[in-house]
2 protein chains.
Amino acid sequence: MREGPDIARIASLVGDPARANMLTALMGGTALTASELALEAGVSLPTASSHLSKLMEGGLLTLASQGRHRYYGLAGPQVAGMIEAITGVAAAVGPQRVRPGPRDAAMRVARVCYDHLAGEQAVAMLDRLVARQVLLRDDKEIRLGPSAASHFAAIGIDVESKARRPVCRACLDWSVRRSHLAGTLGAAILDKILLEKWARRDKDSRAVIFSPMGKQSFERVFLA
Amino acid sequence: MREGPDIARIASLVGDPARANMLTALMGGTALTASELALEAGVSLPTASSHLSKLMEGGLLTLASQGRHRYYGLAGPQVAGMIEAITGVAAAVGPQRVRPGPRDAAMRVARVCYDHLAGEQAVAMLDRLVARQVLLRDDKEIRLGPSAASHFAAIGIDVESKARRPVCRACLDWSVRRSHLAGTLGAAILDKILLEKWARRDKDSRAVIFSPMGKQSFERVFLA
DNA sequence: TCAATGCTTCGATGAAGGACGAACCATGCG
DNA sequence: CGCATGGTTCGTCCTTCATCGAAGCATTGA
């Protein structure tokens, strides 16, 4: 008999299909209302409400009340990382999907993971940044290299973080099975990509779709 | 309604307390038998067997059959990473540990782990045996040192093992979070402790309670 | 070949919890 | 106000699944 952090409690929260769908939907990074989440999960409103209160009690969600709307969002990057890790295992062992539809292909290329970019593009970007020693990766940790500040300043990103949250963090990519960049820097890069309109978010999935021009710009800046 | 990797299926596997305990026990990296895992999880053998087959079907475990023993281990680093991630969230979200009662205190000091001693005393013992080079520990493995045979013979323990089971094995201690000694040698030492009446087993827990005299003898022999 | 050990399967039981309809609060709007 | 809309709570039904004893299978040792 073991004691310690109650991992079964947390895992069982994710272990219900309705709740898992809700959490997956929230991986897009935007907070959603109870009705939207009920729709995503495919359950009635009372059922969704019950699930949401359980997720709240478990500390996996945050709640922002605005008027008569209640916006639920993931409690933080740590929770997002956990979902990503579980997704990775599920994808690896899962009953191989019938056939990857077009949306899935787009998801593999690039998608939003909470507040940063994930997918092949994101993994390639991190690889390149490490190869150029802008970032340094040892074991599981990622740190800024000596040239990082100037490098990112040149493209309009400030790597100084006032927040308590780490600037760099590795996040395991479920499609590529290798790490991509999370943390405030990862978030800032995604911001820039969307701000510059190099890519847009798909309306009803986590996919991030690059325009032909935007892809070139992204590759020039991050994959050169 | 979302589609994609079935994350609920994987999470619900971890979401049962018995299975979560088993997976946590396997995080030490060493494969364990069904009986050992049943003890760790605090369930009967049939129940454990049922859980194990579910974990196998879910792809979270690997199985190595050796004679009539079946060693279960984590399926890979990706699974271990997922457990880590869940543990991290659980620790961050639920710092409310149960208050340790008197029985728990005794359990922390010394308890039975399958067939050998665990707890602070056991961890201290292994540390001392390694410091004196009676045993050699490299990485995760423990081997007999050159003086081991004579050392243990002097206190009436034969380290020659006819069984296929390893003489020494590391077992991660949940209270101290460091390894203690398992294997046939660990079992033989526990046998001696109980045989010499240095300690007795608590009637309805795994705790092992040393008598004042017994504690002195134990420390003289193993912690000197 | 027989007995012991390790583990799995079967069958029955019981408890946990997910589902939804109806009723109930809260906010916003005319 | 009164009404519509977004959410939650309550009560009840019902499925799921964890649990264990007993029996069965497989391997090893004598």
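Quick caveat: nothing in here was measured; it's all calculated off a predicted structure. Worth knowing before you read on, the calculation uses all heavy atoms, side chains too, and leaves out hydrogens, waters and symmetry mates. In the text below, chain A, chain B and the rest are named by the order of the sequence lines, each starting its count at 1.
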Would you mind reading off the distance between [X] atom [atom1] and [N] atom [atom2], rounded to a whole angstrom?
X: L13(A); N: dG17(C); atom1: CG; atom2: P; answer: 10 Å
X: L61(A); N: dG7(D); atom1: CG; atom2: P; answer: 14 Å
X: L39(A); N: dG6(D); atom1: CG; atom2: C1'; answer: 14 Å
X: D16(B); N: dA15(C); atom1: CG; atom2: P; answer: 17 Å
X: K54(B); N: dT19(D); atom1: NZ; atom2: C1'; answer: 10 Å
X: M56(B); N: dT8(C); atom1: CE; atom2: P; answer: 10 Å
X: L45(A); N: dA19(C); atom1: CG; atom2: P; answer: 13 Å
X: L52(B); N: dA18(D); atom1: CG; atom2: P; answer: 13 Å

Go through the steps to decide whether E40(A) and M22(A) satisfy the test side chain to side chain contact (heavy atoms under 4.5 Å, CB included), and finish with yes or no.
-> CA-CA 6 Å; E40(A) 283 289 347; M22(A) 293 175 168; 5.8 Å; no
Distance-only, no hydrogens or angles: does the R19(A) side chain make a donor-acceptor pair with backbone N or O of S12(A) under 3.5 Å?
->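 Indeed, once roles are kept as given, a pair shorter than 3.5 Å links the two residues.
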Any donor-acceptor N/O pair, S49(B) side chain to L45(B) backbone, under 3.5 Å |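 Between the backbone of L45(B) and the side chain of S49(B) there is no qualifying donor-acceptor contact (under 3.5 Å).
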Give one of base, sugar-phosphate or nothing for Y71(A), where a contact means two heavy atoms less than 4.0 Å apart.
->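 Nothing, no nucleic acid heavy atom in range.
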Polar-atom pairs under 3.5 Å, protein N or O versus N or O of nucleotides 20-27 of chain C: list them with distances, or write none.
| from | atom 1 | to | atom 2 | distance (Å) |
| --- | --- | --- | --- | --- |
| dC20(C) | OP2 | S44(A) | N | 3.2 |
| dC20(C) | OP2 | S44(A) | OG | 3.3 |
| dC20(C) | OP2 | T47(A) | OG1 | 2.9 |
| dT27(C) | O2 | R68(A) | NH1 | 3.4 |

Side-chain N or O of [X] closer than 4.0 Å to phosphate OP1/OP2 of [N]:
X: R70(B); N: dT8(C); value: yes
X: Y72(A); N: dT8(D); value: yes
X: H51(A); N: dG17(C); value: no

For F152(B), what residues pass the ring pair (Phe, Tyr, Trp, His ring centres under 6.0 Å) criterion, not counting sequence neighbours?
->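 Once residues adjacent in sequence are excluded, F152(B) has no partner under the ring pair (Phe, Tyr, Trp, His ring centres under 6.0 Å) criterion.
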Residues forming a salt bridge (Lys or Arg N to Asp or Glu O under 4.0 Å) with E57(B), sequence neighbours excluded = none
Kindly indicate, with the supporting measurements, whether the criterion side chain to side chain contact (heavy atoms under 4.5 Å, CB included) is fulfilled by S217(B) and E196(B).
-> CA-CA 10 Å; S217(B) 303; E196(B) 300 277 357; over 6 Å; no
L23(B), L26(B), L74(B), V14(B) screened by side chain to side chain contact (heavy atoms under 4.5 Å, CB included) with L55(B), the one that passes |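 Going through L23(B), L26(B), L74(B), V14(B) one by one, the side chain to side chain contact (heavy atoms under 4.5 Å, CB included) with L55(B) is satisfied by L23(B) alone.
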